[in-house]
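Take a look at the structure set out below.
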Amino acid sequence: CRSTIGLDSRETGSKFSGLVTVYAPLALLVAAITAVTVDQALLVSGGAAVVMGLAALSRRPRIRRVRILVPGLPAAFAGYRIAQISDVHCGPFTPAVRVMRWVDQVNRLGADLIAVTGDLITRGPDYVDIVSTCLGQLRAPDGVFGCMGNHDYFTDGDGFAKALQREGMILLRNEGRVLTRGGAHLYLAGVDDTWSRRHDLAKALQDRPAGAPIVLLAHDPVLFPAAAGAGVALTLSGHTHGGQLAFPIAPRRLNLARFITPFTAGCYKLGRAALYVNRGLGTTGPPIRLGARPEITVLTLEPDHEELADRVAHYAEDVIHDASLSS
C-alpha cells in the first residue's frame with residue numbers, strides 16, 4: 001500500500017497541537033530559561049489543546065487516497081478506483097442528513113466501484129429504511145457492493161439485507177462477482193459477519209475464475225491472515241473506527257482498537273497480500289472521535305511490477321538451466 005498524499009494541513013495541525021499538549025511541561029521549561037512568562041507559556045499550551053479538541057470533534061471525513069499494488073492485476077484494470085466507506089452507524093447521533101452529505105461526497109469522487117464494508121446502523125429497526133434509502137443514492141459505473149457487519153445483525157439482519165438490496169446495493173454474503181474489462185477479470189468477493197459466525201471464506205471464493213485477482217470485502221479485519229493464505233490480493237475492512245479514541249502521537253498503535261486486533265487503521269501487508277482498514281464514518285457509544293478522524297477512502301489498483309520482475313527473473317533462470325542441461 002502506498003499513500004498518494006501526505007498529511008493535509010488540518011491533520012498536521014492536529015498532530016502538532018497534540019505534541020504541544022503532551023509536552024506542555026516543556027513550555028514551562030522554556031518559560032524558566034527564556035524571557036517568555038509562565039502565563040504566556042500556559043496560554044499557548046492551552047490554546048493548542050483547544051485546537052486539538054475541536055479537530056477531534058470534527059465530523060468532516062478526510063478523503064484518503066491510497067495506491068495498492070495488486071499481484072497479477074490485468075493491464076485492463078490498471079488505475080481501477082474503488083471508493084470505500086464503512087461503519088456509518090446511522091442512528092440518533094448520525095442522522096439521515098449527515099449520511100446524505102457523505103453519499104454526495106462519495107459520488108463526486110467518480111470511482112469505478114463503491115465498496116461499503118458494514119455496520120450501517122447502530123442497532124434496532126428504526127434506521128434500517130433510512131440508511132438503506134440514503135445509501136441507495138450511491139452511484140458508480142460498476143456498481144455499489146457491500147458486506148454485512150456485526151451491528152447490521154443488531155436488528156433483523158435478513159430483513160435489513162433485503163432493504164439494502166431493494167435500494168440497489170449488491171450485498172455479497174459469502175459470494176462473489178466477476179468484474180470484466182477488455183476480456184480480463186477481477187473477482188470481487190464478500191463474507192458475512194464474523195462475530196455471529198456467518199462468514200464462509202471458502203464459499204465466497206469458490207466462483208473465482210482461474211488466475212483472477214481477488215478483492216475481498218470483510219467487515220472485520222480479523223479475517224486478513226486467512227484471506228491472505230487463500231490468495232486474496234486485497235482485503236477491505238472496517239469495524240475498528242481507527243480505535244475511535246486514539247493518542248495523537250502514533251494513533252495507529254496507541255488506540256482502543258489495539259485491544260481487539262493488531263489491524264487498527266490504514267494499510268497492512270502479509271507477503272504480497274494487502275489489507276486496508278477504513279476508519280469509518282460514524283461512531284458507537286459517545287459521538288466523539290479523538291485522533292481517528294472519519295474517512296472516505298479511494299483505493300487505486302496498480303499492477304505489482306515487482307512480481308512481474310520476479311517472474312521474468314525466474315523465467316530467465318529456467319532458460320539458463322535448460323540451456324546448461326542441453327549443452
Side-chain angles (χ1 to χ4, degrees), residues 53-62 83-107 114-138 144-169 171 173 190 192-196 198 217-221 236-246 255-257 259-261 264-265 277-297:
L54 291 175
L57 292 172
S58 173
R59 296 298 186 94
R60 291 185 58 191
R62 177 184 172 185
Q84 182 195 5
I85 61 172
S86 193
D87 298 87
V88 173
H89 287 289
C90 188
F93 297 121
T94 308
V97 63
R98 185 172 298 137
V99 178
M100 280 308 305
R101 283 202 298 267
W102 295 335
V103 166
D104 291 341
Q105 282 184 275
V106 174
N107 285 340
I114 297 172
V116 184
T117 47
D119 272 9
L120 307 182
I121 59 167
T122 299
R123 64 174 59 248
D126 293 345
Y127 289 86
V128 165
D129 289 337
I130 293 172
V131 76
S132 299
T133 300
C134 291
L135 297 181
Q137 302 303 308
L138 289 168
V144 179
F145 294 82
C147 65
M148 299 286 279
N150 53 302
H151 276 259
D152 300 325
Y153 286 100
F154 291 0
T155 186
D156 172 12
D158 291 332
F160 188 17
K162 289 178 182 177
L164 291 166
Q165 291 170 321
R166 186 170 58 246
E167 296 295 335
M169 185 181 296
L171 273 183
R173 304 173 76 184
D192 215 325
D193 174 46
T194 59
W195 283 49
S196 56
R198 290 176 167 88
L217 309 186
H219 174 70
D220 190 346
L236 301 181
S237 297
H239 186 57
T240 68
H241 303 188
Q244 193 164 314
L245 299 178
N255 63 68
L256 292 183
F259 290 104
I260 61 171
T261 178
T264 63
V277 183
N278 184 287
R279 293 165 179 82
L281 290 166
T283 58
T284 54
I288 297 173
R289 283 174 173 263
L290 176 64
R293 187 173 164 190
E295 74 170 78
I296 296 167
T297 314

### Query
Taking atom types as modelled and ignoring hydrogens, do the side chains of N278 and S86 form a donor-acceptor contact shorter than 3.5 angstrom?
no
### Message
Please give me the minimum heavy-atom distance between V277 and G238, naming the atom from each residue.
### Response
CG1-O, 3.6 Å
### Query
Between the main-chain N or O of I296 and the side-chain N or O of R62, is there a donor-acceptor pair closer than 3.5 Å?
no
### Query
Does F93 offer a backbone N or O that forms a donor-acceptor pair with the side chain of R98 under 3.5 Å?
yes
### Heavy-atom donor-acceptor pair, D152 side chain to D119 backbone, under 3.5 Å
yes
### Shortest non-hydrogen contact from C147 toward A218
SG-N, 4.0 Å
## Note on the structure
Scanning both residues in full, the closest heavy-atom pair of V128 with F160 reads CG1-CD1, 3.4 Å
### Summary
Correct closest heavy-atom pair for L217 and A115 would be CD2-CB, 3.8 Å
### Query
Can you check whether L135 reaches E167 side chain to side chain, under 4.5 Å on heavy atoms?
no
### Query
Do D158 and Y153 get their side chains close enough for a donor-acceptor pair, meaning under 3.5 Å?
no
### Query
Rounded to the nearest 0.5 Å, how far apart are CD of Q105 and CG of L281?
8.5 Å
### Message
Please check this pair: side chain of T264 against backbone of G242, looking for a donor-acceptor N/O pair closer than 3.5 Å.
### Response
no
### Task
Ignoring hydrogens and angles, state whether a donor on the side chain of D193 or H219 is under 3.5 Å from an acceptor on the partner side chain.
no
### Message
Given 3.5 Å as the limit, does a donor-acceptor pair link the side chain of R173 with the main chain of A161, or not?
### Response
no
### Query
So, for I121 and V131, which heavy atoms are closest and what is the spacing to 0.1 Å?
CG2-CG1, 3.8 Å
### Side-chain donor/acceptor of H151 to backbone N/O of R123, under 3.5 Å
no
### Query
For Q244 and T283, does a side-chain donor sit closer than 3.5 Å to a side-chain acceptor?
no
### Query
Minimum heavy-atom separation for P61 to R293, with atom names?
O-NH2, 3.9 Å
### Query
Any sub-3.5 Å donor-acceptor pair from T94's side-chain atoms to G282's backbone N or O?
no
### Query
CE of M100 to OG1 of T133: how many Å apart, nearest 0.5 Å?
10.0 Å
## Note on the structure
d(L138 CG, D104 CG) to nearest 0.5 Å is 9.5 Å
### Query
After noting the C-alpha distance and the side-chain angles of R279 and E295, does the key distance pass the salt bridge (Lys or Arg N to Asp or Glu O under 4.0 Å) rule?
CA-CA 6 Å; R279 293 165 179 82; E295 74 170 78; 2.6 Å; yes
#### Entry: Exam field: side chain D192 to backbone G149, donor-acceptor pair closer than 3.5 Å
no
